[in-house]
Amino acid sequence: MIRLKHVVLGAVGLPIVILLGAWVGFFNVGASSGHWKVTAWFLQLAMRSAVRTYALAVDAPKTLDSRGLPAAAGHFARGCAICHGEPGEPRSPAVMRMLPQPPDLALTVGDWTDAQLFRIVKHGIRFTGMPAWPARDRDDEVWAMVAFLRELPKLDANGFRDLALGGSQPTAPAALADCTRCHGGHGGGRGDLVPALAGQKEAYLFASLQAYARGDRTSGFMALPVTGVDPADLAALARHFAAQPSVSADSDQVPAEVIGRGQQIAEDGIPERNVPACSGCHIGSDKNPLYPRLDGQHAAYLERQLKLFRSESRGGTRFWHIMATAAQRLTDDDIRAVSAFFSKRSAGPQ
Amino acid sequence: MSANVGLFLLVGCAFCFFAKSIGWAAADELGEPRATALGLTIAPTTLTAPQPDNSAALRDPGGGLSLFLRNGCGACHTIRGTNAHGTIGPDLSHLGSRTAIGAGVLPNTEEAIARFIARPDLLKPGVRMPAFDMLPQTDIQAIARYLKALQ
């Protein structure tokens with residue numbers, strides 16, 4: 001018969017015994033023998049349930065935006081493929097021995113909803129090595145990655161390389177090849193959400209790279225390429241892109257009245273809503289070298305940045321806050337119009 | 001096999017841990033929140049009545065005018081006779097002849113103008129002009145000298 005004394009003894013004693021066991025090194029934390037079937041089952045159950053539950057709070061868009069695919073693919077090649085593999089590229093045997101083993105995502109993405117993938121990519125999975133997204137406040141980037149994961153099962157080796165590495169020149173120095181993966185060989189930016197760097201002001205490019213490196217400007221796509229790069233190399237990269245001839249980015253048709261409205265905002269601001277004229281800082285060669293040129297930049301990129309400024313989630317150089325003030329009172333329609341105007345404006349005689 | 005039993009117990013214990021922590025997220029706590037909140041609210045400005053042309057505004061011995069335009073002050077302020085046509089902030093065409101600046105909170109001296117440009121928020125809570133203290137102090141002084149000379 002079990003007496004109260006035994007229960008108490010057990011309740012106190014068992015944890016002590018387990019602790020003691022852990023301290024002496026009795027438990028095998030080695031990954032070589034794998035999990036017991038029941039352990040593996042339990043861990044999977046807990047992980048899947050947690051993802052399912054937390055994903056309920058995620059507000060998924062009806063259709064995924066495909067404009068960020070090249071950047072997401074470029075990021076996947078460097079930030080994810082090392083563990084999850086990529087089409088046509090066998091993974092290193094070291095990774096295959098990880099516990100749990102990172103799954104081949106081309107085979108498993110179908111098991112998850114968009115919201116669940118978002119949850120996993122944004123927050124990572126504890127105790128498995130699966131990392132969280134490297135930047136806060138950049139749900140837009142996480143959604144771009146989810147859109148890419150949906151494409152992944154359809155890609156063969158060539159399709160993947162085209163999407164991920166399109167413009168890069170394998171002969172370029174390593175640091176530069178890393179950039180052209182997303183920004184393209186002529187610095188035009190691959191995909192509408194990757195900015196053109198060609199012909200941008202050198203001081204602005206350099207200060208922006210430092211802002212990413214310090215974490216003053218957050219982007220999961222840019223965090224990895226600047227991490228651990230010597231400031232002198234960042235300066236050289238800024239010089240390289242600034243010296244490239246600017247390329248006209250977009251060819252989409254935009255109604256003339258939208259462009260006209262954009263021009264009005266750019267040149268006069270919106271006085272009744274206290275929006276200053278953009279031209280006062282962004283047009284003309286006599287402006288501060290840390291104030292970026294916007295001419296010929298991708299409209300979708302400009303829109304995204306203006307929305308980030310408006311919600312105060314776009315940091316930047318030590319001048320970023322004046323731009324946040326300027327963007328505060330812009331509506332979505334204003335943003336679309338003024339972005340379309342600048343994207344169509346050619347640099348002209350500067 | 002005993003190792004696996006051990007591991008299973010260890011996992012069981014670890015589960016008690018999870019119950020306390022919030023979910024499986026690896027790094028909700030990345031970085032720190034952006035420190036500066038912009039306390040700037042923008043309300044309509046009163047426009048100053050048209051003034052006669054003042055070409056004296058173009059005289060710029062200390063480089064103050066070109067610094068003014070280069071840093072985008074002209075996006076919000078007008079100085080007649082120059083390329084500054086902004087209407088968000090007050091017209092500065094005759095700033096030097098005013099008795100006070102910053103809506104009356106400061107005496108009209110070169111030094112006070114410089115202090116206002118650097119940190120308007122410190123001098124006037126709720127101000128609608130962003131701080132420019134990231135500019136070199138010498139540039140701010142040159143701008144202040146130029147503005148003070150606008151009679």
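Just so you know, these numbers use all the heavy atoms, side chains as well, and skip hydrogens, waters and symmetry mates. Proteins get letters first, then strands, A, B, ... in listed order; numbering begins at 1 in each.
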S.K.: When you compare the side chain of B:Arg70 with that of A:Pro289, does any pair of heavy atoms fall below 4.5 Å?
M.R.: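 The answer is yes; the side chains approach within 4.5 Å.
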
S.K.: For residues 41-50 of chain A, tabulate all N or O donor-acceptor pairs below 3.5 Å that involve a side-chain atom, not counting sequence neighbours.
M.R.:
from	atom 1	to	atom 2	distance (Å)
A:Gln44	OE1	A:Arg48	NE	3.0
A:Ser49	OG	A:Leu45	O	2.6

S.K.: Between B:Ala75 and A:Pro276, which heavy-atom pair has the shortest distance, and what is it?
M.R.: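 Of all heavy-atom pairs spanning B:Ala75 and A:Pro276, the closest is O-CB, 3.6 Å.
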
S.K.: Between A:Ile322 and B:Met134, which heavy-atom pair has the shortest distance, and what is it?
M.R.: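 Looking at all heavy atoms of both residues, the shortest contact is CG2-CE, 4.1 Å.
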
S.K.: Looking only at heavy atoms, what is the nearest atom pair of B:Leu69 and A:Asp286, with distance?
M.R.: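 Residues B:Leu69 and A:Asp286, closest heavy atoms: CB-OD2, 4.5 Å.
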
S.K.: Please give me the minimum heavy-atom distance between B:Thr87 and A:Pro271, naming the atom from each residue.
M.R.: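 Smallest heavy-atom distance, with atoms named: OG1-CB, 3.6 Å.
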
S.K.: Looking at A:Ile82, I'd like to know if its CD1 atom is crowded, meaning that more than 12 non-hydrogen atoms belonging to other residues, nucleotides or ligands lie closer than 6.0 Å.
M.R.: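 No.
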
S.K.: With a 3.5 Å distance limit and no angle check, can you tell me whether A:His321 reaches the backbone of B:Pro130 through a side-chain donor-acceptor pair?
M.R.: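 Judged by distance alone, no pair lies under 3.5 Å.
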
S.K.: Within the 4.5 Å heavy-atom criterion, are A:Thr325 and B:Arg128 side-chain neighbours or not?
M.R.: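 No - every pair of side-chain heavy atoms lies 4.5 Å or more apart.
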
S.K.: Can you see which heavy atom on B:Asn71 is nearest to which on A:Tyr291, and at what distance?
M.R.: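 Taking B:Asn71 first and A:Tyr291 second, the nearest heavy atoms are O-OH, 2.8 Å.
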
